[in-house]
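In what follows, chains carry the letters A, B, and so on, assigned in the order in which the sequence lines appear, proteins first and then strands, with residues in each chain numbered from 1. We use all heavy atoms of the structure for the numbers below, so side chains are in, but hydrogens, waters and symmetry mates are not.
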Protein chains: 2
Amino acid sequence: MSTDLNPIIERCRAEGLRRTKALEELITTLLESDRPMTLAELAESERLTNQCDKATVFRLLQRLADKGIVRRLGLHERAAYFALLVPGQHRDYLICTSCGSIEPINAPCPVHELEKEIQFTTGYKNLYHELEFFGTCPKCIA
Amino acid sequence: MSTDLNPIIERCRAEGLRRTKALEELITTLLESDRPMTLAELAESERLTNQCDKATVFRLLQRLADKGIVRRLGLHERAAYFALLVPGQHRDYLICTSCGSIEPINAPCPVHELEKEIQFTTGYKNLYHELEFFGTCPKCIA
DNA sequence: GTAATTGCAAATACTTTGCCACGTA
DNA sequence: TACGTGGCAAAGTATTTGCAATTAC
């Protein structure tokens with residue numbers, strides 16, 4: 001990533017977070033990574049392992065997610081989700097970030113072209129994808 | 001879902017699974033649900049709660065996932081993933097189901113149109129999406 | 001000085017396994 | 001009969017919290 005540390009720290013400050021060494025190192029680690037990371041990976045990463053406790057990293061991530069500065073990926077409940085795989089059928093989902101409701105999307109999935117392209121350019125085999133939309137549902141807005 | 005139970009059971013049989021009451025009820029429950037479900041939801045669902053133990057549901061799901069009949073959603077490690085949220089920047093990922101490596105995708109994301117449409121038709125607010133491609137990477141194929 | 005932040009340890013939550021009994025083929 | 005499957009209970013792993021001490025502002 002080519003983004004700079006300071007503007008992000010400024011956003012944190014604007015949200016009322018204090019500028020601590022742990023915060024700086026955490027943001028820097030995420031900036032240097034070009035992919036999502038787990039709590040364990042972060043806590044044991046070079047910059048953080050001797051800097052602070054895993055619980056601190058956890059709480060930082062929690063605050064940052066609250067403020068919209070990081071995002072926790074996945075279907076949000078702590079548990080794993082399972083779905084039946086019906087040949088020739090593909091489902092994408094719409095999930096309310098407030099009440100957690102999940103509903104299937106009817107619209108045709110616009111990703112298949114890209115999927116083929118990725119298969120071609122990267123050499124990955126057996127490609128499939130997961131696509132989820134998140135937002136606040138009408139009930140939760142009211 | 002409008003799909004029928006028997007063909008799926010037949011696929012299970014073809015994969016060497018035995019036709020048990022628990023298997024039938026589990027598949028039926030997943031068929032009746034139009035969204036992914038957690039282990040706990042399944043184990044406590046009407047059809048299964050007095051039918052079998054949670055461990056049984058777990059092992060069934062495990063076998064079915066092995067055979068490609070159900071899919072476990074998400075980034076596959078048991079842990080939660082976190083990513084920095086950079087305004088104006090969106091990332092999709094390509095993940096190897098064998099070695100677990102994650103890399104960002106450069107191609108422009110083809111989902112924004114659909115996202116707007118969903119926002120319009122469903123009344124959800126603050127929409128965003130997550131898109132991941134899964135497959136076997138070239139290294140793991142070799 | 002005050003409130004946010006941290007470390008450490010303990011508590012939860014969800015997942016996974018061992019072992020022996022049981023049911024399907 | 002043979003081997004996949006099931007129940008129950010225990011172990012494993014990741015997340016989350018309590019509380020007193022510390023630090024940023």
Worksheet entry | Atom pair distance, as rounded to whole Å: NZ in K54(B) and C1' in dT17(C) | 15 Å
Worksheet item: Among dT15(C), dT15(D), dT6(C), which is the nearest nucleotide to the side chain of T56(A)?
Response: dT6(C)
Worksheet entry | Rounded distance in Å - CG (D53(B)) to P (dT17(C)) | 15 Å
Discussion item. Check the phosphate of dG6(D) against T20(B), side-chain N and O only, distance under 4.0 Å to OP1 or OP2. Yes or no?
Written reply: yes
Worksheet entry | K54(B) side chain near L39(B) side chain, heavy-atom distance below 4.5 Å | yes
Fill in: Distance under 6.0 Å and angle within 45° of ring axis: R71(B) vs Y128(A)
yes
Worksheet item: In terms of side-chain heavy atoms of R72(B), which of dC8(C), dT16(C), dT15(D) is nearest?
Response: dT16(C)
Practice prompt. Find out if a path of hydrophobic residues (ILVMFWY) with successive side-chain heavy-atom gaps under 4.5 Å connects L75(A) to Y124(B).
Written response: no
Practice prompt. Just call it for L23(A): base, sugar-phosphate, or nothing, with non-hydrogen atoms closer than 4.0 Å on any strand.
Written response: nothing
Worksheet item: What is the nucleic acid contact for A80(A), judged by heavy atoms within less than 4.0 Å: base, sugar-phosphate only, or nothing?
Response: sugar-phosphate
Worksheet, complete the sentence: F58(B) CZ to dG12(D) C1', in whole Å, measures 12 Å
Item to complete: Identify whether any heavy atom of E15(B) sits under 4.0 Å from a base atom; if not, whether one sits that close to sugar-phosphate; answer base, sugar-phosphate or nothing.
Response: nothing
Worksheet item: Under 3.5 Å, is there an N or O donor on one side and an acceptor on the other linking the side chain of R78(B) and the base of dC14(C)?
Response: no
Item to complete: Report the residue from I8(A), D4(A), L26(A) that forms a side chain to side chain contact (heavy atoms under 4.5 Å, CB included) with L31(A).
Response: I8(A)
Worksheet item: Are the side chains of R72(A) and L61(A) in touch, meaning some heavy atoms are under 4.5 Å apart?
Response: no
Fill in: Nucleotide dG6(D), atom C1' - distance to CZ of R19(B) in whole Å
18 Å
Practice prompt. Could you check T38(B) against K21(B) and say which one's nearest nucleotide on DNA chain C is further toward the 5' end?
Written response: T38(B)
Worksheet, complete the sentence: DNA chain D nearest-nucleotide lookup for C52(B) and F82(B): closer to the 5′ end is C52(B)
Worksheet item: When all nucleic acid strands are considered with a 4.0 Å heavy-atom cut-off, which category describes A55(A): base, sugar-phosphate, or nothing?
Response: base
Fill in: Length of the CG-P vector between L39(A) and dA14(D), whole Å
10 Å
Item to complete: Mind checking A22(B) for me? I need base, sugar-phosphate or nothing, with any heavy atom below 4.0 Å counting as a touch.
Response: sugar-phosphate
Discussion item. Can you tell me how the ring of H129(B) sits relative to the ring of H112(B), calling it parallel under 30°, perpendicular over 60° and tilted otherwise?
Written reply: perpendicular
Worksheet item: Would you say R18(B) reaches dC22(C)'s phosphate, i.e. side-chain N/O to OP1/OP2 under 4.0 Å?
Response: no
Worksheet item: Separation of R59(B) atom CZ from dC19(C) atom P, in whole Å?
Response: 13 Å
Worksheet item: Side-chain N or O of R63(A) less than 4.0 angstrom from OP1 or OP2 on dT6(C)?
Response: yes
Fill in: For atom CD of E77(A) and atom P of dT15(D), their distance in whole Å
15 Å
Worksheet item: CG of L73(A) versus P of dT15(D): gap in Å, rounded?
Response: 13 Å
Worksheet entry | Contact nearer the 5' end of DNA chain D, comparing L60(B) with Q62(A) | L60(B)
